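Please read the structure below before turning to the comments.
Sequential numbering from 1 along the given sequence is applied to the chain's residues. Everything numeric here is computed off the predicted structure, so don't read it as measured data.
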Amino acid sequence: MRLFFAITITEELVRKIGEAQNRLRTKIGEEGVRWTKPEQFHYTLKFLGEQPAHRTQQAIDAGFAICDGLKPFDMTLGGLGAFPNAQRPGVLWIGASQGGERFTELAESLDALLARLNFPREHKPLSAHLTLARIKGYAGEKAAVRALRSESIEDLDRITIDRFVLMSSLPTKSGSEYTLVEEFKFKC
């Protein structure tokens with residue numbers, strides 16, 4: 001099973017992010033760009049990749065273990081960015097204008113606990129981001145660079161994060177399909 005831990009968002013936020021994505025889509029177009037489907041919007045905490053059943057259970061156990069003592073926190077969604085950078089965008093994303101440091105702390109704690117169970121550590125610094133699009137060609141890159149110079153995404157909303165989830169991802173011809181494996185509510 002292909003797994004990842006994530007923060008999911010409300011339907012209202014999916015709608016707001018979808019509107020921001022559509023404004024960008026109008027400027028950038030479709031050529032050389034794969035736009036994220038609204039039902040796939042999430043903030044990834046940790047990608048685990050393909051895992052056998054016994055490792056899935058270890059990941060679930062780690063998720064429950066990390067929840068002990070966690071307190072809910074607020075995160076404001078906003079800001080447009082690109083990986084690796086705005087001059088060579090491969091991924092367009094919405095970040096967190098406030099509360100991102102708490103998101104990063106949660107992700108790092110989860111990563112450290114999973115590393116003790118022999119899951120690979122993250123090697124790149126993690127920042128809160130929700131993928132809007134993946135750039136797959138020169139035309140898309142050129143249009144995205146122009147859009148990044150002229151467009152911004154103001155704060156969309158503030159959410160209270162009091163849980164995270166473990167999801168499975170099944171690749172299909174029309175894109176990945178996500179299924180909830182487990183939900184982890186903070187125990188404060």
Side-chain angles (χ1 to χ4, degrees), residues 2 4-49 73-111 120-161 164-165 167 169 171-178:
R2 193 169 177 232
F4 64 93
F5 285 98
I7 302 288
T8 55
I9 57 174
T10 65
E11 288 300 316
E12 176 63 17
L13 262 176
V14 167
R15 185 188 62 74
K16 288 179 180 181
I17 293 168
E19 289 170 359
Q21 183 189 51
N22 285 335
R23 287 191 302 275
L24 279 175
R25 190 180 226 150
T26 300
K27 294 229 177 212
I28 297 172
E30 302 293 326
E31 186 180 351
V33 181
R34 190 175 76 223
W35 295 96
T36 303
K37 296 176 186 174
E39 61 269 18
Q40 295 176 328
F41 290 159
H42 67 274
Y43 282 79
T44 302
L45 288 165
K46 172 79 174 165
F47 182 74
L48 300 177
F73 62 94
D74 290 339
M75 190 167 82
T76 302
L77 282 56
L80 175 62
F83 293 133
N85 58 57
Q87 291 73 42
R88 295 295 311 236
V91 173
L92 300 179
W93 49 262
I94 292 177
S97 61
Q98 295 178 352
E101 63 284 339
R102 292 283 310 276
F103 174 92
T104 301
E105 288 170 12
L106 171 58
E108 289 172 350
S109 295
L110 184 59
D111 187 44
R121 291 285 315 230
E122 292 297 326
H123 296 291
K124 295 184 268 182
L126 182 73
S127 62
H129 70 279
L130 180 147
T131 300
L132 294 171
R134 296 186 185 283
I135 309 304
K136 296 294 181 185
Y138 180 72
E141 182 178 306
K142 194 169 147 183
V145 167
R146 279 193 310 271
L148 285 164
R149 287 186 191 133
S150 63
E151 291 297 309
S152 65
I153 296 178
E154 301 303 319
D155 290 350
L156 296 173
D157 210 341
R158 185 174 73 197
I159 59 172
T160 298
I161 296 174
F164 61 93
V165 297
M167 303 288 283
S169 173
T172 69
K173 288 181 182 179
S174 61
S176 295
E177 292 179 5
Y178 298 160

Within the side chain of [X], is there an N or O that forms a donor-acceptor pair under 3.5 Å with the backbone of [Y]?
X: E177; Y: T172; answer: no
X: N22; Y: G18; answer: yes
X: W93; Y: G79; answer: no
X: Y43; Y: S127; answer: no

Looking at [X], I'd like to know if its [atom1] atom is crowded, meaning that more than 12 non-hydrogen atoms belonging to other residues, nucleotides or ligands lie closer than 6.0 Å.
X: R134; atom1: CZ; answer: no
X: R88; atom1: CZ; answer: no
X: R158; atom1: CZ; answer: no
X: K16; atom1: NZ; answer: yes

Among residues at least two apart in sequence or on other chains, which ones pass side chain to side chain contact (heavy atoms under 4.5 Å, CB included) with [X]?
X: D155; result: T76, S97
X: R149; result: V145
X: V14; result: I9, P38, F41

- request: In sequence, state the C-alpha distance, the side-chain angles, and the governing distance for L92 and I28, and then conclude on side-chain contact (heavy atoms from CB on, under 4.5 Å).
  value: CA-CA 11 Å; L92 300 179; I28 297 172; 3.6 Å; yes
Test side-chain contact (heavy atoms from CB on, under 4.5 Å) applied to L80 and L132, step by step: CA-CA 9 Å; L80 175 62; L132 294 171; 4.1 Å; yes
If you take all heavy atoms of [X] and [Y], which pair is closest and at what distance?
X: G99; Y: F73; value: O-CE1, 4.0 Å
X: P120; Y: K46; value: O-NZ, 2.6 Å
X: G140; Y: V33; value: CA-CG2, 3.7 Å

message: Could you go through F103 and L45, starting from their C-alpha distance and side-chain angles, then the distance that decides it, and tell me whether this counts as side-chain contact (heavy atoms from CB on, under 4.5 Å)?
response: CA-CA 8 Å; F103 174 92; L45 288 165; 3.5 Å; yes
message: Any salt bridge linking E12 with R15? Criterion: basic side-chain nitrogen under 4.0 Å from a carboxylate oxygen.
response: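 Salt bridge flag = yes for R15 with E12.
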message: Salt bridge check, K27 against E151: does any charged N sit closer than 4.0 Å to a carboxylate O?
response: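 Result for this pair is yes, salt bridge flagged.
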field: Residue of the set D74, I7, T8 for which side-chain contact (heavy atoms from CB on, under 4.5 Å) holds with I161
entry: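 Of D74, I7, T8, side-chain contact (heavy atoms from CB on, under 4.5 Å) with I161 is met by I7 alone.
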